[in-house]
There are 2 protein chains.
Amino acid sequence: MPPSIPADAAHASPLTQPTAGPGGEERFQRSDLAQEVAFLTARARGRGNALANRLLSDLGLKVRPFAVLAMACSGTNPSQRELSGFLDLDPSQVVALVDMLEARGAIRRETDPRDRRSKILVATEAGLELYAQAVQRTREAEEQTLHALSPAERDQLRELLAKVVF
Amino acid sequence: MPPSIPADAAHASPLTQPTAGPGGEERFQRSDLAQEVAFLTARARGRGNALANRLLSDLGLKVRPFAVLAMACSGTNPSQRELSGFLDLDPSQVVALVDMLEARGAIRRETDPRDRRSKILVATEAGLELYAQAVQRTREAEEQTLHALSPAERDQLRELLAKVVF
DNA sequence: TGATAATATTGAGAAAGTCAATGATTTGTC
DNA sequence: GACAAATCATTGACTTTCTCAATATTATCA
């Protein structure tokens, strides 16, 4: 067996140290990609989403329906169009989510008297209760997701992200 | 026209001020949901992703393939399994992405001599050039996405997110 | 009044995510 | 050394999510 040192050097045979580090992924943390905010953000949202979905599952909810419910419970009386914009969802996706939550009796559609084309979402009593339960789960998810950050750092992160997206 | 003050208060008829504010979504920014880091993160990644995809489109790339290419170009010699973990993708998704990039001639699979089950990804010359082009696009996307933040704030954000996800 | 635009909705098709099964290979155990 | 169990890449089926065009209803504007 040859000493596993191929002849050419440039970029043809980087098989010299395939799995160098311990066993983890620390090896990748210095890559260009790992420095991109976009990558870090995607990873954070992926992890957070997965955890939140898990914690919400016993309520028969996922993150998306939760967001719609939360807005219906917010007292801001959003229309579906506004929700579509605020939650970055296609109008047709909002329809599906609202259908589901309305079928569960958590929210109601009320046609806006000012503009009878649009439907305003309002929470039912049951919806408010469901939301109260769900919020506990998402708070726990946030707690776990951000456990590496101090309270001050969490506020910092929240404010920086708010600056970015608003 | 009545003074638009419905008889019941609680949660039955919130049709009083459907579209109060100017025209935008400032109205929703004080909702509970808008305070959740998870929501802000999802929004940031959604916006950033969409922009990056747009800027990468003339290279025939999207964010996901770009990430795989970036790791193949990183000099860390990742296996597909490692990529799956690092990028939060199902192994089968990695297969599809690698197939595509390999068909384009941007990367190659090399079976790890230390473990002949796993394949290590390495960039070709053409892949390195493609990556160089692509990185310009993603830098521009990051620039635009984070335009509201100062350089110091961008570093802060990067470090906070890194703490969260690593 | 009539033309134009916006809202919710439907439906179709593409893309992405999830999961189980498989062949090849490695690792651990006797 | 042989055998069982675990791991990697891969395939395929399946579900969920995304994206887009078309439509009926209602508003807005000239």
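Residue numbering restarts at 1 for every chain, and letters A, B, ... go by the order of the sequence lines. Quick caveat, the model's predicted, so the values are computed rather than measured.
Electrostatic pairing of B/Arg117 and B/Asp112 does not count as a salt bridge here, judged by no charged N lying under 4.0 Å from a carboxylate O. Using a 4.0 Å cut-off between charged side-chain N and carboxylate O, B/Arg108 and B/Glu102 make no salt bridge.
Rounded to whole Å, the distance from CZ on B/Arg81 to P on C/dT27 is 16 Å. One can place CG of B/Asn49 at 10 Å from P of C/dG17, the figure rounded to the nearest angstrom. Distance B/Asp112 CG to C/dT27 P: 10 Å, rounded to the nearest Å. As a whole-Å value, the separation of B/Gln80 CD from D/dT7 P is 18 Å. Rounding to whole angstrom units, CG of residue B/Leu87 and C1' of C/dG17 are separated by 15 Å. When the P atom of C/dA8 is taken as reference, atom CG of A/Leu97 falls 14 Å away, rounded to whole Å. Summarising the geometry, the separation between CZ on B/Arg109 and P on D/dT10 is reported as 4 Å, rounded to the nearest angstrom. The nearest whole Å value for the distance from the CD atom in A/Gln93 to the P atom in C/dA15 is 16 Å.
Among the atoms of the strands shown, base atoms are found under 4.0 Å from some heavy atom of A/Asp90. Residue B/Ser118 is in sugar-phosphate contact alone, with no base atom involved, counting any heavy-atom pair closer than 4.0 Å across all strands shown.
When the side chain to side chain contact (heavy atoms under 4.5 Å, CB included) test is applied to A/Arg104, the partners found at least two apart in sequence or on another chain are A/Leu61, A/Leu130.
Note on the helix from C/dT1-D/dA30 to C/dC30-D/dG1: angle between the axes of the first and last five pairs equals 30°, rounded to 10 degrees.
Nearest to the side chain of A/Ser92, among D/dT10, D/dT19, D/dT26, sits D/dT19. Checking D/dA6, D/dC18, C/dT9 against the side-chain heavy atoms of B/Arg117 singles out D/dA6 as nearest. Closest to the side chain of A/Asp99, out of D/dT16, D/dT10, C/dT10, is C/dT10. Of the candidate nucleotides C/dA15, C/dG17, D/dT19, C/dG17 has the atom lying nearest to any side-chain atom of B/Arg64. When the nucleotides D/dT11, C/dA16, D/dA9 are ranked by their closest atom to the side chain of B/Ser79, D/dA9 comes out on top.
Mapping A/Lys62 and A/Asp115 onto DNA chain D via the closest heavy atom, the residue that lands nearer the 5' end is A/Lys62. Comparing B/Leu89 and A/Val95 against DNA chain C, the residue whose closest nucleotide sits nearer the 5' end is A/Val95.
Here A/Met71 contributes atom CE and A/Leu87 contributes atom CG; the two are 6.5 Å apart, rounded to the nearest 0.5 Å. Within the model, atoms CZ of B/Arg43 and CD of B/Glu36 stand 14.0 Å from one another, a figure rounded to the nearest 0.5 Å.
Transitive grouping of hydrophobic side chains (ILVMFWY, heavy atoms separated by less than 4.5 Å) keeps B/Leu55 and B/Val68 in distinct clusters.
Ring geometry for B/Phe86 against A/Phe28 counts as tilted: the plane angle lies between 30° and 60°, on a 0 to 90° scale.
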